[in-house]
Colleague: 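Next up is a structure, given as structure tokens.
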Amino acid sequence: MDGLMQDYPLTVPMMFRRAERLFGAKKIVSATHSGLERTTLSAWAERVRRLGGALEDLGLSSDARVGTFAWNSARHLECYFAVPGTGRVLHTLNVRLFADQLVYIANHAQDEVIFVDRSLLALLWPLMPELKSVRHVVVMDDGAGEIPDDPRVLDYEELLAGAEPADLRVADEDRAAAMCYTSGTTGHPKGVVYSHRSTVLHSMCALMVDSLGISESDVVLPVVPMFHANAWGLAHAGVFAGSSFVFPGPDLSPAAIARLIEQERVTFAAGVPTIWMGVLAEADHHDLTSLRCIPCGGSAVPKALSEGFREKVGVPLLQAWGMTETHPIASVARVSSERAGRGEEELAEVRATQGIMVPGIELRIVEPGTEEELPWDGRSRGELQAVGPWVARDYYDDPRSGESFTSDGWLRTGDVATISPDGYIHLVDRTKDLIKSGGEWISSVALENELMAHPKVAEAAVIAVPHERWQERPLACVVVKAGETLTREEVLSFLDGRVAKWWIPDDVAFIDEVPKTSTGKFSKKELRDRFAGHRAGSD
Ligand code: ADP
């Protein structure tokens, strides 16, 4: 019909051009092995265009997959915009994956070139004989590491210096812009492909005040790696908004993060709970009060951790839930106006939920194994399922896609949740981490939350161990804070009254550290393997 709006494509270059036009003076700081590198957004934007030209000079296919194997940096952000800006597909490789998974992923995506930090080249180079499609390795100098003498190895700065700035434009918003593989706790990783349209819409959502609310006035520190679900969208959304950036580079130690926040007056910093556990301990030695928003997710955010930030830094953590398959932001735990004004304890409970679905995403819970949607009554537990313009519809070239989507097209998340009448999601567990005891389910997440509230507990993970009578019983794996001591009885009596009696673990294993996955989450799989022979009592 006449009078309609323009059919204007939502593309990554559109976001880039806005920042280039308006916010050239903004700072971009990158920590490297040889110190801090500072640049402005206008200098960065000029390099993005040159990188676009360099991609043409490399003779890549028009829809080439361009791999990155890099820490968070301004150069990595150049790849984020130049690659999709020339119609190619940015493929961020997780630098912490095992060699065989990396080989599988790069071959599966058919990466033609990989942009790699010099300090990470030693990890990538030995895999080259097995990387079938990779023709060039472009080295970005982050201040450390050997460079092999080989014609396939190119220097990033030389490429840029010799290239003409490109006119970054993409006509079709449904074109692939980027891809990312889920870490895959079982089987091979699965590839998720983001379109230009989904990237723009997800970025717009990240800018909404009731979601992450990234602003032009923010100094954004993505601690979450740019190889993990697009740094939760911060890299794109921060550019779109016109924020300044601080990139942490290779050193993700709590002291380094705290120093960056303090020195650069960071206002917006996002990372997984394990990162913030470390940084909280630094709050006594560093001024972290410039922070106004601290998004946290990837695994359940312990209430005690969030409250620790509220008390010491002045702002609690902002819990978000999502997956690689959802770009990833799907829900955010802001306190609604209806719940605001209640006591601190109740507000802390709200913030310990996975929040409410962000505008644009629809969620539901479904009785496992059926198609029956469950009520939002805060009690009924079901599998969380998602649809929306930034939710994957299948996996890249993968026969397993069918298992993960319902017949009516919803993404099956593999998470079990309840939803309150006003929409707050409470994630009970990942399906595979639930503990099945005597025909009932015990939530490992809830137990961990309580254990980590103990003042002497640094970290705690709960896994199922086999039990003769009850099938499975919980085993608490506890890391005691440095300099403290704790007994099994003290741990168990702490839980008494905090959780149902039959949830109390049969045993406590004191360990030095909870093993982590490549994305910094507790690796329950590794713990289950380690304690496979552990038998809980038989009564
Ligand atoms: P993987 O962990 O398999 O690498 P993702 O990084 O995409 O994959 O993680 C998605 C999963 O992380 C979700 O399905 C959920 O189990 C978990 N997760 C993400 N955010 C939260 C949160 N706020 N609370 C609890 N679990 C979360």
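Every number for a ligand or one of its atoms is a count from 1 in the order of the listing.
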Colleague: Going from CG on L260 to CG on D251, what distance comes out if it is rounded to the nearest 0.5 angstrom?
Modeller: 8.5 Å
Colleague: Within the structure, does A300 bring an N/O atom to less than 3.5 angstrom of an N/O atom in ligand 1?
Modeller: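 Checking ligand 1 against A300, an N or O pair does fall under 3.5 Å apart.
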Colleague: Could an N or O of ligand 1 be found under 3.5 Å from any N or O of A320, whether backbone or side chain?
Modeller: yes
Colleague: Could you pull out, from T353, D415, L411, T413, the option with a heavy atom nearest to atom 15 (C) of ligand 1?
Modeller: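 When every heavy atom of T353, D415, L411, T413 is considered, D415 comes closest to atom 15 (C) of ligand 1.
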Colleague: Are G298 and ligand 1 in contact, using a heavy-atom cut-off of under 4.0 Å?
Modeller: yes
Colleague: Which of the atoms in ligand 1, numbered in the order shown and given with their element, are less than 4.0 Å from a heavy-atom of T324?
Modeller: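 Near T324, meaning under 4.0 Å from one of its heavy atoms, ligand 1 has 5 (P), 6 (O), 7 (O).
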Colleague: We want to know whether S444 and K524 form a side-chain donor-acceptor pair, criterion being a heavy-atom distance below 3.5 angstrom.
Modeller: yes
Colleague: At less than 4.0 angstrom from any non-hydrogen atom of Q354, what atoms of ligand 1 do you find?
Modeller: 22 (C), 23 (N), 24 (N), 25 (C)
Colleague: Taking 4.0 angstrom as the limit, do E325 and R412 come out as a salt bridge?
Modeller: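 No, this pair does not count.
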Colleague: What do you reckon, does S299 put a non-hydrogen atom under 4.0 Å from ligand 1?
Modeller: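 Checking ligand 1 against S299, which is what was asked, there is a heavy-atom contact under 4.0 Å.
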Colleague: Near W321, which atoms of ligand 1 are under 4.0 Å from a heavy atom of that residue?
Modeller: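 Here the atoms of ligand 1 in question are 13 (C), 15 (C), 18 (N), 19 (C), 20 (N), 21 (C), 22 (C), 23 (N), 27 (C).
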Colleague: Can you tell me if T182 has a non-hydrogen atom under 4.0 Å from ligand 1?
Modeller: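 It does not, in that no heavy atom of T182 comes within the 4.0 Å cut-off of ligand 1.
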Colleague: Determine, using ring centers only, whether H108 and Y181 are less than 6.0 Å apart.
Modeller: yes
Colleague: How does M323 reach ligand 1, if at all, at less than 4.0 Å between non-hydrogen atoms: by side chain, backbone, both, or neither?
Modeller: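 Looking at M323 and ligand 1, atoms from backbone and side chain both fall under 4.0 Å.
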Colleague: Answer yes when D398 and K190 have at least one side-chain N-carboxylate O distance shorter than 4.0 Å, and no when they do not.
Modeller: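 K190 and D398: not salt-bridged.
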Colleague: Any Lys/Arg nitrogen of K303 or E345 sitting under 4.0 Å from an Asp/Glu carboxylate oxygen of the other?
Modeller: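 Looking at K303 and E345, the cut-off is met.
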Colleague: So does E459 pair up with K516, basic N to acidic O under 4.0 Å?
Modeller: yes
Colleague: Any idea which of P328, C296, G322 brings a heavy atom closest to atom 19 (C) of ligand 1?
Modeller: G322
Colleague: Within the 4.0 Å heavy-atom shell around Q319, which atoms of ligand 1 are there?
Modeller: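 Those qualifying, in numeric order: 22 (C), 23 (N), 24 (N).
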Colleague: Would R310 and E307 pass as an ion pair if we require N to O under 4.0 Å?
Modeller: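 The answer is yes: the pair qualifies as a salt bridge.
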Colleague: Answer yes if the ring centres of Y104 and F98 are under 6.0 angstrom apart, and no otherwise.
Modeller: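 Ring centres of F98 and Y104 not closer than 6.0 Å.
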Colleague: Just let me know how A229 lines up against ligand 1, side chain, backbone, both or neither, with a heavy-atom cut-off below 4.0 Å.
Modeller: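 Looking at A229 and ligand 1, no heavy atom falls under 4.0 Å.
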Colleague: Enumerate the atoms of ligand 1 whose separation from the nearest heavy atom of H228 is less than 4.0 angstrom.
Modeller: 6 (O)
